[in-house]
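What you see is a predicted model; the values in this text were computed from it and never measured. Numbers restart at 1 for each chain; the letters A, B, ... are given by sequence-line order, proteins then strands.
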Amino acid sequence: MLDPRLFRTELDIVVPQLARRGFVFNRAAYSGLEARRKDIQVKTQDLQNERNSRSKAIGQAKAKGEDIAPLMAQVQHLGDQLKAAEAEWSDIQTEMAALMEGIPNILDPAVPDGKDEVANIEIHRWGGPPTFAFEPQDHVDLGAKLGMNFELGAKIAGSRFVVLTGVLARLQRALIQLMLDTHTSAHGYSEVYVPFLVNADSLRGTGQLPKFAADLFKTHGDPSLYLIPTAEVPVTNIVRDVIIDAKELPLKFACHSPCFRSEAGAYGRDVRGMIRQHQFEKIEIVQIVKPEESAQAHEELTRHAETILEKLELPYRRMLLCAGDTGFSASKTYDLEVWLPGQNAYREISSCSNFKDFQARRLQARWRNPDTGKPELVHTLNGSGLAVGRTLIAIMENYQQTDGLIRIPTALQPYLGGLKTIG
RNA sequence: GGAGAGCUGGCUGAGCGGUCGAAAGCGGCGGUCUUGAAAACCGUUGAAGGUUUAUCCCUUCCUGGGGUUCGAAUCCCUAGCUCUCCGCCA
């Protein structure tokens, strides 16, 4: 959520900023609502003040043993008026909150214009796509004889599910280990396990609700819980409603979790293989930082994700997302795209975002600034480090050999008991 | 799953339906003292919002929601959470 004061005082600056995303802000509707809010708030508070002072007078009169009947007569109609005013104020607040919750974050000045991924800017690339003396297979064909079974996934659950058995299951576990070890020992993150089912408040805090309910799996209990679409949700919500001591910052968490996405808007896209599943494993890295440190933290966090790709010797490129491609809550996002020979394309394997104070305001996640002595909003960041399923298929596709075997990258071998190839 | 107890500021913990944003202690901040530090002593110290150039002032917040009342931290209902005992279970 953006600062409501921004809309009251800097409307001329904010509206064009939002327009960069293609977000049309209805100024007239907002101004009308804001005027009504101001009016009813003052009216309600005046009535509350009157009730308080009159009630106090009754209390004092009673204490002195005076007759309170005339005073009581004076407040007779106050109650109804107040109730009506409070109801109206509450309605307007709800309406205003809904309006504000639907507004995306302000983009960082560095974010380029553009409406879709075509306008994203390549920042750099690392490694080159491998050359093959044969026609490389994709992970579906490679996986068929190694224990990657989509039919089984479909039988047990449905489409967009997979069963991994044997060496591929072990490879996935090894990747999780390598990623967590690297982030905790070399990058300074604390390892954390969190609930994989979360409540609506948590999803609202990170911005998935109310706008993106269609992408979530919801359970039927009361109250309903949601399967997490990313560990970002439970991990970032660690600091919801907390005032953090300045000495504790930055907070850095690394979290392994499954992620569940209904992919409601993705029918027909990436139907083949493990690229787009309803369930996948991911290592998420999250940072909670002082506002002035978030830009640098964003660069560092992205490097932490890139380090994993480099350790695994996977060719990738870093993209700066354009205005239209940057997510609702993010101010600036780098996507890391890994080379997939089976698709002959770079595909997203990590998304690293700086949310600035957008999530923090929804979360009421604050720190006490020693300079002002006041609680102020923190900045939140997160990135995948990395999506494990896509890393698995990147290794399979990039390291396939003429002999049909798949080479295990050197850094990963210790996690597989020294295994150098599979297949 | 059954029975009971509780939820108050950064933390611990008092709180009679009225003058309670809330005693006290701890912690934090400022000061006195000290070569410096500690201790001791003194003072100060919640958050959000409205109005305002600013001060003042006003409103709201004692787990969430609803109710009773002129007036609710206090009474009632409800949800959530925590703790204790029993049952069950990994």
> Using the C1' atom as the reference point in each nucleotide, state the distance between B:U68 and B:U53 in Å, no decimals.
45 Å
> Which value, in whole Å, describes the distance between the P atoms of nucleotides B:U32 and B:A37?
11 Å
> Taking only the P atom of each, what is the distance from B:C89 to B:C16 in whole angstrom?
45 Å
> In terms of the angle between their ring planes, are A:His278 and A:Phe161 parallel, tilted or perpendicular, with boundaries placed at 30° and 60°?
tilted
> How far does CD1 of A:Ile283 sit from OH of A:Tyr189, to the nearest 0.5 angstrom?
12.5 Å
> With a 4.0 Å limit, can you tell me whether A:Asn49 has a side-chain N or O closer than that to the phosphate oxygens OP1/OP2 of B:U59?
yes
> Report the base-pairing partner of B:U12 (Watson-Crick or G-U wobble, both distances below 3.5 angstrom), or none.
B:A24
> Using a 4.0 Å heavy-atom cut-off, does A:Ile243 contact any base of the nucleic acid, only the sugar-phosphate backbone, or nothing at all?
nothing
> When rounded to the nearest Å, what value does the distance between P atoms of B:A38 and B:G27 take?
13 Å
> Please state how far atom NZ in A:Lys56 lies from atom C1' in B:U59, giving the value in whole angstrom units.
13 Å
> Sticking with atom P, work out how far B:C70 lies from B:U12, rounded to a whole angstrom.
37 Å
> I'd like the C1' distance from B:C62 over to B:A22, given in whole Å.
8 Å
> Is any side-chain heavy atom of A:Arg27 less than 4.5 Å from a side-chain heavy atom of A:Asp12?
yes
> Expressed in angstrom and rounded to an integer, what is the separation of A:Arg368 atom CZ from B:C29 atom P?
11 Å
> Atom CD of A:Glu86 and atom P of B:G67: how far apart are they, to the nearest Å?
10 Å
> Let me know, please, whether A:Ile58 or A:Arg366 comes out on the 5' side of the other along RNA chain B by nearest nucleotide.
A:Arg366
> Less than 4.5 Å apart, side chain to side chain, heavy atoms only: is that true for A:Gln172 and A:Glu281?
yes
> How long is the line joining CG of A:Asn369 and C1' of B:G28, in whole Å?
15 Å
> Between B:A72 and B:U19, how many Å separate the two P atoms, rounded to a whole number?
10 Å
> Sort me out a list of protein N/O and nucleotides 51-53 of chain B N/O pairs below 3.5 Å, or just none if empty.
from: B:U51; atom 1: OP1; to: A:Lys38; atom 2: NZ; distance (Å): 3.3

> Can you check the A:Asp241 CG to B:C61 P distance for me, whole Å?
17 Å
> Could you go over nucleotides 71-81 of chain B and give all protein N or O partners under 3.5 Å, atom names and distances?
from: B:G71; atom 1: O4'; to: A:Ser55; atom 2: OG; distance (Å): 3.0

